[in-house]
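The first residue in the sequence is number 1, and the count goes up from there.
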Amino acid sequence: MEERGECSASASASANPSDEIWAKLVLSDERYSDVQISSDEKVISSEISATSNDKHSWCKIVRNPDLCSATMENKSQNTILVDGVKVHSDDTIVIKDGSQIIPGPDREGFVSYKFHIMSGPDICQRQLKICVDVNHAKCSICLNLWHDVVTVAPCLHNFCNGCFSEWLRRSKERHSAVLCPQCRAVVHFAGKNHFLRTIAEDMLRADSSLQRSHDEVALLDTYALVRSNLVIGSGKKNRKRAYTPLDDQSDGTYHQCQQCVTEVAGFRCKYDTVHLQCQACGGMMPSRTGFGIPQYCSGCDRSFCGAYWHALGVTGNGSYPVCSQDTLRPISDHSISRIPLLAHEKNLHEQNITDSCIRQMGRTLPDVISEWIAKFENREIDRRRMMLNHAEMITARTFGLLPQVGVISPVLVSPLYTQTSSSTR
């Protein structure tokens, strides 16, 4: 039985002529016609041999609600390559306009498809909702298109993370107020702007001439300090002492940081100390890079105060909220007694299936989690498909958020569904 990639050129599905064609698979071999997709859910089939009318399904493509992407499911027994990522049988992957699909485990011997989304009226309307002049999307420090854009407040001007971080560092070295590089207003807050970051990335895809060199991008990333929301001191030049509650009432900035009021473990905040806001309890802690106590979850780059304050022996009270030490701790130290709801994207049906499969296998969830931690540590899990920051750098001893919040659950729990559900087929 011949099942080489070129046979997939006959891939087809009976489309209703009245249906609008919203996407197509463009073959690398120009001798064959493209595969047009008109329904929101389409199973793609290919001929088993040139002399037979029998066909077999090798993938299913489902249109996503955003109209600008689709989800592809591997319906064959072979591994499928999507943009270089291996998609095993029954696995799914999100494909976008321009994604390369090879219906086999190797590039040799198989033709490739290019997934192309047609410019229908609905998609064009979506793309025209926002129109930004590229000159309005440039950092006023480096005069290039934003890279990892951050927004400062209260003036709401935007800069590259690395550029503003260097500006912040130099202001602290001079013990001066942190002023906006564009309008010179005093900066009280800086945070990542994911919405503008998406716009900048779209501009780079539309105009490659705006792209910086890899060396320049790498250098900017080394400067970047803004990983979560930063709260910056009020910048009063004449203040020579730490904050007190009375100061907070006078200038409208209530830090809720115990080290702003008293010295704790030999450290006391200065007037220009940059603060982080805990994403769990809302409390404040000083940003102390190089201190050796983790303050960020490595999977999401958000800040959490539990590990920091516990290391200093500080417990929470009404004035200074402190979240539990368990909120931020090494991945392998977490005790997981139930599957987090976010592990299956809040799909209770899939979560119940996984629970049932684990019981049928005669195992417990902690045993399965331990096995996956070992596989993760041995790099037996493909990290490229994980929706985490710094996935390649994360180890079992990396600090991460509680699985109930859903940050480390994609690392440890999501692969369970593939393993356990396959055991029931």
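- For the residue pair Ser89/Asn78, the side-chain donor-acceptor check at 3.5 Å is not satisfied.
- Checking side-chain atoms of Gln279 against main-chain N and O of Gln277 turns up a donor-acceptor pair under 3.5 Å.
- Looking at every heavy atom in both residues, Ile293 comes nearest to Ala307 through CG2-O, 3.6 Å.
- Side chain to side chain, Ser213 and Asp215 fail the donor-acceptor criterion of an N or O pair below 3.5 Å.
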| said: Working note: Val62 + Glu73, criterion side chain to side chain contact (heavy atoms under 4.5 Å, CB included); need CA distance, chi angles, decisive distance, verdict. | reply: CA-CA 8 Å; Val62 180; Glu73 179 182 359; over 6 Å; no

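- In terms of heavy atoms, Lys96 sits closest to Ser69 at CG-CB, 4.1 Å.
- Between Phe159 and Phe164, the angle of the ring planes stays under 30°, which puts this pair in the parallel group of the 30/60° scheme.
- Using a distance-only test at 3.5 Å, with no hydrogens or angles considered, a donor-acceptor pair links the side chain of Asn378 to the main chain of Ala374.
- Judged purely by atom type and a 3.5 angstrom limit, Gln258 has no side-chain atom pairing as donor or acceptor with the backbone of Val314.
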Exercise for review: I would like to know whether Leu143 and Lys138 meet side chain to side chain contact (heavy atoms under 4.5 Å, CB included); could you show each step before the answer?
Suggested key: CA-CA 6 Å; Leu143 304 181; Lys138 290 185 176 181; 5.7 Å; no

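- Asp367 and Ser370 share no side-chain donor-acceptor pair at under 3.5 Å.
- The shortest side-chain heavy-atom distance between His157 and Ser140 does not fall under the 4.5 Å cut-off.
- The backbone N or O of Leu145 sits nowhere less than 3.5 Å from a side-chain atom of His147 that would complete a donor-acceptor pair.
- Between Val217 and Leu220 the shortest side-chain heavy-atom distance does not fall below 4.5 Å.
- Defined by atom type and a distance below 3.5 Å, a donor-acceptor pair is missing between the side-chain atoms of Arg169 and Tyr223.
- Side chains of Tyr296 and Arg227 form a contact here, defined as non-hydrogen atoms less than 4.5 Å apart.
- Contact record, Asn74 with Trp58: OD1-O, 3.5 Å, taken as the closest heavy-atom pair.
- The number of heavy atoms from other shown groups lying within 6.0 Å of CD (Gln182) is above 12.
- Of the possible polar contacts, one joining the Trp167 side chain to the Leu179 backbone as a donor-acceptor pair under 3.5 Å is found.
- Between the Ser28 side chain and the Ser112 main chain, a donor and an acceptor come within less than 3.5 Å of each other.
- Taking NE2 from His214 and CG from Leu219, the interatomic distance works out to 14.5 Å, rounded to the nearest 0.5 Å.
- A donor-acceptor pair under 3.5 Å links the side-chain atoms of Ser165 to the main chain of Leu225, judged by distance alone.
- Proximity of Ile37 to Ile61: side-chain heavy atoms (C-beta onward) are separated by under 4.5 Å at one or more points.
- Taking SG of Cys269 as the start and CE of Met285 as the end, the distance is 11.5 Å to the nearest 0.5 Å.
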Show your working on salt bridge (charged side-chain N to carboxylate O under 4.0 Å, His left out) between Lys60 and Glu41 and close with a plain yes or no. CA-CA 7 Å; Lys60 180 172 72 173; Glu41 181 175 318; 3.6 Å; yes

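- In this structure, the separation between CG on Asn158 and SG on Cys163 is 12.5 Å, given to the nearest 0.5 Å.
- Here the OG atom belonging to Ser38 is positioned 10.0 Å from the CH2 atom belonging to Trp22, to the nearest 0.5 angstrom.
- Taking both residues in full, the closest heavy atoms of Ser287 and Leu276 are given as CB-CG, 3.8 Å, listed atom of the first, atom of the second, then distance.
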What side-chain donor-acceptor pairs closer than 3.5 Å can you find for residues 189-205, not counting sequence neighbours?
{"residue": "Asn193", "atom": "OD1", "partner": "Phe195", "partner atom": "N", "Å": "3.3"}
{"residue": "Asn193", "atom": "OD1", "partner": "Leu196", "partner atom": "N", "Å": "3.0"}
{"residue": "Asn193", "atom": "ND2", "partner": "Thr151", "partner atom": "OG1", "Å": "2.9"}
{"residue": "Arg197", "atom": "NE", "partner": "Glu201", "partner atom": "OE2", "Å": "3.4"}
{"residue": "Thr198", "atom": "OG1", "partner": "His194", "partner atom": "O", "Å": "3.1"}
{"residue": "Asp202", "atom": "OD1", "partner": "Arg205", "partner atom": "NH2", "Å": "2.2"}

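- Considering only heavy atoms from C-beta on, Arg212 comes within 4.5 Å of Cys160 through its side chain.
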Stepwise side chain to side chain contact (heavy atoms under 4.5 Å, CB included) test for Leu81 and Val87: CA-CA 6 Å; Leu81 293 178; Val87 182; over 6 Å; no

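- In this structure a side-chain-to-backbone donor-acceptor pair under 3.5 Å is present from Ser332 to Ala396.
- Inter-residue side-chain proximity for Thr71 and Asn64 is flagged as met; some heavy-atom pair is nearer than 4.5 Å.
- Residues Leu25 and Phe115 meet the side-chain proximity criterion, which asks for heavy atoms closer than 4.5 Å.
- The minimum heavy-atom distance linking Ile117 with Leu67 is given by the pair CG2-O, 4.1 Å.
- Between the side chains of His116 and Asp97, at least one donor N or O sits under 3.5 Å from an acceptor N or O.
- With contacts defined as side-chain heavy-atom distances shorter than 4.5 Å, the pair Pro154/His188 qualifies.
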Given side chain to side chain contact (heavy atoms under 4.5 Å, CB included), test Leu210 with Val134 step by step and report yes or no. CA-CA 9 Å; Leu210 299 172; Val134 67; 3.6 Å; yes

Please determine whether salt bridge (charged side-chain N to carboxylate O under 4.0 Å, His left out) holds for the pair Arg397 and Glu377, giving the CA-CA distance in whole Å, both sets of side-chain angles, and the decisive distance to 0.1 Å. CA-CA 9 Å; Arg397 300 305 303 169; Glu377 190 72 4; over 6 Å; no

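- The two atoms that bring Val43 and Ser57 nearest to each other are CG1-OG, 3.3 Å, heavy atoms only.
- To the nearest 0.5 Å, atom NZ of residue Lys114 and atom CD of residue Gln100 are 5.5 Å apart.
- Rounding to the nearest 0.5 Å gives a distance of 5.5 Å between CD1 of Ile80 and SG of Cys59.
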